[in-house]
Amino acid sequence: MIDLTPESMLPDDGTSGTLVGRIWRPDVDGPAVVAVRDDGVFDVTSAFPTVSALCEQDDPATALRSMGGHRIGDLADILANTPPDRRDPAKPWLLAPVDLQVLKAAGVTFAISMLERVIEERARGNPASADAIRKEVVRLVGDDFSKLKPGSEQAMHLKQVLIEQNAWSQYLEVGIGPDAEVFTKAPTLSSVGTGMDAGLHPKSTWNNPEPEVVLAVSSRGKIVGATLGNDVNLRDFEGRSALLLSKAKDNNASCAIGPLLRLFDKGFTLDDVRKMDVALTVTGSDGFVLDGHSSISKISRDPTDLVAQTIGAVHQYPDGFALFLGTMFAPVKDRDAPGQGFTHKRDDIVTISAPQLGRLVNRMRNSDECEPWTFGLGALMRNLARRKLI
């Protein structure tokens, strides 16, 4: 059971930042863009029909602050009504804080996660083989790539050495090569927010959470804010074949984003993201606890480089995009039998947190047990048109 309160969900500095979110309003049978402030939750949809539209403003934070909005209620009441098990469908609840943005993700952006992808590939999706392969991979290539700049002359020399040792991998290619891995994580509007169930493919037996910072980027390629995300991953599916990436990453409720989008302003900038530590805790009903973290300061590619490799003359995003930055977290702690590593169990509670972004909390269920995604682009357009907002 998930209990959500403002104290447990908001950033450490409360509502002092410029915080935008989305809620479901049963009275209009659709979503609303809201500003979360010290004195409540305010609907600003009349000025910004979508979060995407707000992010297209020259200065989104100033634009949001200048809009008063219609007070919907207290944040505490909306949070308490968000978990699906005890939701009153006649009252508002919180949604993921992005809408029309394309959901993109960067992979293999940290050295440790790069090594784990190599291990998955060699283990062919079998967790029992991973421990022995991990030791062999570290023997061959080491475990510290923190000073290696992707695409550099030094990186290309290492690539040649590894090829000669028959130790090269497609994951090393995107980890230290010139081109970043950027893929589409999930369909637009399909992400789930804090307090909701996050989904795992029912056939997966080796999977893990991926705690990440998610950037909000406008159609012009301008980074305007940040939030937290869980890029839920199926290690067995991707380990069997990289061509199964879409099945490993994109399932119902497998993209969690939240709790709120914090827009950049004088008190919160991209430099704060660059120094950010993201914490993870998994708590199981069996008493198992897993702790981890991801330090953006150790990322192999700067966030601006990842954005530049996503948008430009060869690819446009008219409604902007949300970009998962990747993670250095790769769980190796055994949960059951020795050498089997970590995998989720039903009802695991995953908490992803950062002091300046708050806490994203989700319960893990099979994707076919999670609330089905039924409100897509067509439904949104019809709803906004009926409310005379577009």
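Below, all heavy atoms of this structure are taken into account, side chains as well, without hydrogens, waters or symmetry copies.
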**Asked** Is it true that a side-chain atom of Thr310 and a backbone atom of Leu306 form a donor plus acceptor pair closer than 3.5 Å?
**Response** yes
**Request:** Salt-bridge test for Asp348 and Lys345: reply yes if a basic N is under 4.0 Å from a carboxylate O, no otherwise.
**Result:** no
**Asked** Can you find a side-chain donor-acceptor pair between Asp271 and Thr269 that sits under 3.5 Å?
**Response** no
**Message:** So that I can tick it off, tell me whether Arg22 and Asp99 are bridged by a salt bridge, with the cut-off set at under 4.0 angstrom between side-chain N and carboxylate O.
**Reply:** yes
**Asked** Going by atom types alone, do Asp59 and Thr62 pair a side-chain donor with an acceptor below 3.5 Å?
**Response** yes
**Message:** Checking side-chain polar atoms at under 3.5 Å, does Thr18 have a donor or acceptor matched by the opposite partner on Arg65?
**Reply:** yes
**Item:** Chi angles and distances behind the side chain to side chain contact (heavy atoms under 4.5 Å, CB included) call for Phe183, Lys104
**Value:** CA-CA 6 Å; Phe183 58 93; Lys104 306 293 288 188; 6.0 Å; no
**Message:** For Asp3, is there an ion pair with Arg86 - N to carboxylate O distance below 4.0 angstrom?
**Reply:** yes
**Request:** Give a yes or no on whether the backbone of Ala96 and the side-chain of Ser191 come within a donor-acceptor separation of less than 3.5 Å.
**Result:** no
**Asked** Does Met364 reach the side chain of Leu200, with side-chain heavy atoms less than 4.5 Å apart?
**Response** yes
**Message:** Is it the case that the side chains of Ser297 and Lys275 hold a donor-acceptor pair, with the cut-off being a distance below 3.5 Å and no angle test?
**Reply:** no
**Item:** Joint hydrophobic cluster, Met196 plus Val350, side-chain heavy atoms closer than 4.5 Å
**Value:** no
**Prompt:** Charged N to carboxylate O below 4.0 Å: is that the case for Arg363 and Asp85?
**Reply:** yes
**Item:** Check: Arg365 and Asp197 side chains under 4.5 Å, non-hydrogen atoms
**Value:** yes
**Asked** Do Asn207 and Thr343 have a side chain donor and acceptor closer than 3.5 Å?
**Response** yes
**Prompt:** Step by step, would you call Trp206 with Phe237 a ring pair (Phe, Tyr, Trp, His ring centres under 6.0 Å)?
**Reply:** CA-CA 8 Å; Trp206 187 24; Phe237 278 58; over 10 Å; no
**Message:** Side-chain heavy atoms nearer than 4.5 Å, only ILVMFWY residues, links allowed to pass through others: does that put Val20 and Leu95 together?
**Reply:** no
**Message:** Whether the side chain of Asn208 engages the backbone of Pro331 through a donor-acceptor N/O pair (distance < 3.5 Å, no angle test) should be reported.
**Reply:** no
**Request:** Using a 4.5 Å cut-off on heavy atoms from C-beta on, say whether the side chain of Cys370 contacts that of Val192.
**Result:** no
**Sidechain N-carboxylate O distance under 4.0 Å for Glu181, Arg301** = no
**Prompt:** Relative to each other, are the rings of His315 and Tyr317 parallel, tilted or perpendicular (30° and 60° limits)?
**Reply:** parallel
**Request:** Measure the shortest side-chain to side-chain distance between Glu212 and Asn230 over non-hydrogen atoms and say whether it is less than 4.5 angstrom.
**Result:** no
**Item:** Any donor-acceptor pair under 3.5 Å from Thr194 side chain to Pro259 backbone
**Value:** no
**Prompt:** Side-chain contact, heavy-atom cut-off 4.5 Å: Ile23 with Pro92?
**Reply:** yes
**Request:** Please check if any side-chain donor atom of Glu56 sits under 3.5 Å from a side-chain acceptor atom of Ser219, or the reverse.
**Result:** yes
**Prompt:** Do Met381 and Ile390 have side-chain heavy atoms sitting under 4.5 Å apart?
**Reply:** yes
**Prompt:** Where the side chain of Lys298 meets the backbone of Met328, is there a donor-acceptor pair that is under 3.5 Å apart?
**Reply:** no
**Asked** Can you name the one residue among Arg71, His70, Arg25 that meets side chain to side chain donor-acceptor pair (under 3.5 Å) with Asp43?
**Response** Arg25
**Request:** Decide yes or no on side chain to side chain contact (heavy atoms under 4.5 Å, CB included) for Val282 and Ile349, but give the supporting numbers first.
**Result:** CA-CA 6 Å; Val282 178; Ile349 302 297; over 6 Å; no
**Prompt:** Side chains of Asp368 and Asn252: does their closest heavy-atom pair fall under 4.5 Å?
**Reply:** no
**Prompt:** Taking 4.0 angstrom as the limit, do Arg37 and Asp39 come out as a salt bridge?
**Reply:** no
**Prompt:** Any link between Val98 and Leu270 through a network of hydrophobic side chains (Ile, Leu, Val, Met, Phe, Trp, Tyr) touching at under 4.5 Å?
**Reply:** no
